[in-house]
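I have placed the structure first, in the form of structure tokens, so that the comments after it can refer back to it.
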2 protein chains.
Amino acid sequence: MFLTDKGNQPDISIKVCGYSKMLEIISSKWTVLVFYALENGSARYGEMGRRIEGISKKMLTQTLRQLERDGLVMRHLTPTIPPRVDYSLTPLGESMLKPMFELKKWAIDNFAIVEQARDRFDQTAAAHDFAENE
Amino acid sequence: MFLTDKGNQPDISIKVCGYSKMLEIISSKWTVLVFYALENGSARYGEMGRRIEGISKKMLTQTLRQLERDGLVMRHLTPTIPPRVDYSLTPLGESMLKPMFELKKWAIDNFAIVEQARDRFDQTAAAHDFAENE
DNA sequence: CCGTATCCTCCCGGATACTG
DNA sequence: CAGTATCCGGGAGGATACGG
């Protein structure tokens with residue numbers, strides 16, 4: 001932690017930053033994948049489980065509950081035997097699609113550049129390490 | 001993990017989802033706060049440390065390195081004694097501002113609704129727990 | 001089919017102390 | 001001032017088994 005003298009308090013925090021509010025909603029890697037699975041319409045629980053690579057039942061349920069709690073996703077239970085459960089975006093969830101799409105587009109358009117930057121950075125870092133071990 | 005029969009492989013994964021690429025860049029809570037601190041221009045290391053509530057030197061450095069590695073932030077060292085280091089967004093970093101603004105705006109406009117949804121959800125969940133303990 | 005409960009491991013990130 | 005090095009505790013999340 002940094003020391004902060006009185007009269008010069010921190011003004012950037014999770015509580016006031018809009019980006020942080022956003023992250024609070026799409027915090028985990030599973031959240032975005034579930035959101036992605038629902039952006040074109042409703043889907044069943046098991047169906048999503050099979051489509052999303054590497055997700056466990058525990059995390060699928062937990063992620064869906066969290067999105068449901070935030071009012072972005074709704075759950076529809078058909079009480080047959082065995083039961084059938086469909087999930088879909090709420091209007092609030094759908095209102096997130098447009099801004100999310102903008103950012104997704106940025107990522108798709110620029111991720112190659114980011115990866116090139118990473119390679120350059122790792123190269124020069126390695127070269128630097130080599131130099132100081134001589 | 002879900003079982004996936006052959007011929008029905010998962011098609012949603014971190015590797016192909018644009019949202020995941022996005023999250024890979026702004027993964028942590030500190031990333032967005034640092035980005036937020038730089039969106040209006042360059043800033044010094046210690047200055048950011050004092051402005052961002054609760055961040056440690058370790059995490060500030062680590063977050064800046066990661067953003068630098070991804071090519072979103074650049075580091076400018078003035079080799080005086082004591083040294084002075086300024087950080088700022090690169091053109092690539094600035095190109096992220098517009099889509100990020102869209103999402104920030106959504107969060108600011110809708111976070112109250114999300115919090116109301118949370119309250120409702122927690123209320124009904126509590127009521128349900130109460131009912132089944134009778 | 002759609003979950004919960006339990007255990008257990010791994011790694012993120014905080015605290016603290018030291019350096020150029 | 002601007003970092004690194006080291007230690008360590010807590011929580012996220014995977015594996016597994018069970019329940020309605």
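In this text the structure is predicted, and so the values were computed from the model without any measurement. Within every chain, numbering begins at 1; the chains are lettered A, B, ... in the order of the sequence lines, protein sequences first and strands thereafter.
- A:Thr31 places none of its side-chain heavy atoms less than 4.5 Å from the side chain of A:Ile25.
- Transitive grouping of hydrophobic side chains (ILVMFWY, heavy atoms separated by less than 4.5 Å) keeps A:Met74 and A:Tyr45 in distinct clusters.
- Chain B approaches DNA chain C within less than 4.0 angstrom (heavy atoms of the protein), and the contacting nucleotides run 5' to 3' from C:dG13 to C:dG20.
- For the pair A:Leu38 and A:Met48, the minimum side-chain heavy-atom distance is below 4.5 Å.
- Ring geometry, B:Tyr36 versus A:Tyr19: the interplanar angle exceeds 60°, so the pair is classed perpendicular (tilted spans 30 to 60°).
- For the pair A:Leu33 and B:Ser20, the tightest heavy-atom approach, listed with the atom from each and the gap, is CD2-OG, 3.4 Å.
- For the pair A:Ser28/A:Gln66, no side-chain contact is recorded, criterion being any heavy-atom separation below 4.5 Å from C-beta on.
- For DNA chain D, no neighbouring residue in residues 32-55 of chain A is found when judged by any heavy atom under 4.0 Å.
- A:Leu92 has its side chain out of reach of A:Asp70: every pair of non-hydrogen atoms, C-beta onward, lies at least 4.5 Å apart.
- We find that CZ of B:Phe2 is positioned 15 Å from P of D:dT16, with the value rounded to whole Å.
- Side chains of B:Gln62 and B:Trp30 form no contact here, defined as non-hydrogen atoms less than 4.5 Å apart.
- Counting to the nearest Å, the P atom of D:dT4 and the CE atom of B:Met59 are 13 Å from each other.
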Which protein N or O atoms sit under 3.5 Å from an N or O of nucleotides 5-10 of chain D?
none

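- You'll find the side chain of B:Asn110 stays beyond 4.5 Å of the side chain of A:Met96, heavy atoms only.
- Taking 4.0 Å as the cut-off between side-chain N and carboxylate O, A:Glu68 and A:Arg65 count as a salt-bridged pair.
- Inter-residue side-chain proximity for B:Phe35 and B:Leu97 is flagged as met; some heavy-atom pair is nearer than 4.5 Å.
- Rounded to 10 degrees, the angle separating the terminal axes of the helix from C:dC1-D:dG20 to C:dG20-D:dC1 is 50°, with each axis obtained from five end pairs.
- The separation between B:Leu64 atom CG and D:dG3 atom P is 8 Å, rounded to whole Å.
- Distance NZ (B:Lys29) to C1' (D:dG11): 12 Å, rounded to an integer number of Å.
- Taking the charged nitrogens against the carboxylate oxygens, A:Lys105 and B:Glu102 have no contact shorter than 4.0 Å, which rules out a salt bridge.
- The CE atom of A:Met1 sits 12.5 Å away from atom CD1 of B:Ile52, with the distance rounded to the nearest 0.5 Å.
- Of the residues in residues 69-88 of chain A, those lying under 4.0 Å from DNA chain D by heavy-atom distance are A:Pro83.
- In this structure, NZ in A:Lys29 is found 11.0 Å from CG in B:Leu23, a value given to the nearest 0.5 Å.
- Applying the salt bridge (charged side-chain N to carboxylate O under 4.0 Å, His left out) test to A:Arg50 and every residue at least two apart in sequence or in another chain returns nothing.
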